[in-house]
Amino acid sequence: MNKLKNTENILILGLFLGVIGSIAALALAYIADLTKQPITDMKTQAVNSALRQVLPEFDNDPGQNRVVVKSADKQGYDVIFYGALRNKQLVGIAGQSVSLKGYSGKIQAIVGLKPDGTIRTVGTINNTNKPISAVLITEHKETPGLGAVVCDRVRKKTIFNMFKTADDANLPPPNPILDQFADLKPGKIPWKTVKEGGTLKYVTGATISSNAIAEVTYRIANTFASERSKIIAALTPAANNVIKEVKP
Amino acid sequence: MNLLQDFTRGLWKENPILVLLLGMCPTLAVTTNATNGLGMGVATVGVLVGSNLVISLIRNIVPKKIRIPVYIVVIASFVTAVDLLMKAYAPPALNDALGIFIPLIVVNCIVLGRAEAFASKHNPLRSLLDGLGMGLGFTLSLTVLGGVREFLGSGSLFQIKVITAWTEECMLPVSAPGAFIILGCFLAGMNYLNIRRAVKRGEVYIPPQGLGCHHCRLCDIGKITEDS
């Protein structure tokens, strides 16, 4: 043992590092394989619960009634649209896409849209007229306390009502950055924060995350606006609920 | 007795934040509120205990010259495995609360520091206790630091508003400069307590001997050390 510990032989050193690396790789491969299915299930669950929050009341399974479209901008990312039906009528659409410009990479958003392409409002903040928009960030790795502040919807509690269920418990909690998209309709110019020469607010310390959220939200809304007729045709019941690829 | 010391050393005498000043980047970035501090701490305890244990088990067969790359492979695999397992099996609420901290642990030098300074020289049981103590000390100071910053920033604790009349947020304690200022106050308070305790016993306070570098030794990487 002592011989191995003090060895200077470069071949043995390389071999040892290789063995350790292979053991680690094998163990990780095994764990990755083991957790692949549960992670996909968790993600589907998360998408379904996000859809329930951003879509109006529906009686179908929007997770199955979906269509994948290439985004209308240069990047050509996949945008997934889910259709909510009530009595076989299309009542709302939710778009899901990603921005890779987050501070730690991918930010995934789900946005609820009205059939005419404006971003839905799901309710108003208690006792005010400020709207809560149907914009949810479903996946991000932003720094907790900085970038995560603009991505997460967290319900604020005070010491007086910490055990009471809130009056608006069925609504997503407000978040000023995400809520500023309520009732916006995509135009020719992409939405940008003030920092980038646009009009949207941002949070100091989370500029990059704020920009990424504006980017992904505009991508979803704009893609829907430019491919509107095809998407609606694919999501209405006559399309027989199969996943279709629509080429722009 | 020795075992108990291994455990308690990380809590006060060699507290990783307040005495060793290790792992500053995740600390200052994350502790904007008490909940985040606690989350980061708990996630670190898990990885620190696991990596200390594994590194202590293989300490006798790892050639000295390549020990650092080997430790990094072990730590990184541990972090990745914990990340995957949490995503797959932890309840969504727990994963949302802790999951974001897991990738940050890789850049936390406490883990590598303890591997090099302690686990590579002591038996698995002592290394496990050392990891647990260091992790709990880390968690404790992170939570308190986060609590103070959150309270000064918005009058709330663990994201529950304590002073409801406090409506405007104060930016300074929540921002990075405020983190340094408050951490500085913490360090001053820690020294004050230690000095006062020494004076009460009628002694002159001397900082623990050898606190210079032996706890971390990251700057010795690449050198073959004589004493180990």
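Every value quoted in this text rests on a predicted model; they were computed, and no experiment measured them. We name chains A, B, ... by the order of the sequence lines, and we start the count at 1 in each one.
Annotation: B/Y89, atom OH; neighbour count of heavy atoms from other residues, nucleotides and ligands within 6.0 Å is above 12. Few gaps surround OH on A/Y77; more than 12 heavy atoms of other groups in view lie less than 6.0 Å from it.
Within the model, atoms CD1 of A/I20 and CD1 of B/I61 stand 6.0 Å from one another, a figure rounded to the nearest 0.5 Å. Going from atom CG of A/N9 over to atom NZ of B/K65 covers 10.5 Å, rounded to the nearest 0.5 Å. Atom CG of B/L84 sits about 7.5 Å away from atom CG of A/L28, to the nearest 0.5 Å.
Proximity to chain A is limited to the side chain of B/T32, based on heavy atoms less than 4.5 angstrom apart. With a 4.5 Å cut-off on non-hydrogen atoms, A/I23 does not touch chain B at all.
Among the candidates B/V70, B/I163, B/L157, the residue making the largest number of heavy-atom pairs closer than 4.5 Å to chain A is B/V70. In terms of heavy-atom pairs under 4.5 Å with chain A, the best-connected choice from B/V162, B/V30, B/V62, B/V73 is B/V62.
Residues A/M42 and B/K87 approach most closely at CG-O, 3.6 Å, considering heavy atoms. Considering all non-hydrogen atoms of both residues, A/L13 and B/I66 come closest at O-CD1, 3.5 Å.
Put simply, the side chain of B/P63 does not reach to within 4.5 Å of the side chain of A/I12, judged on heavy atoms.
Residues passing the ring pair (Phe, Tyr, Trp, His ring centres under 6.0 Å) test with B/F78, sequence neighbours excluded: none.
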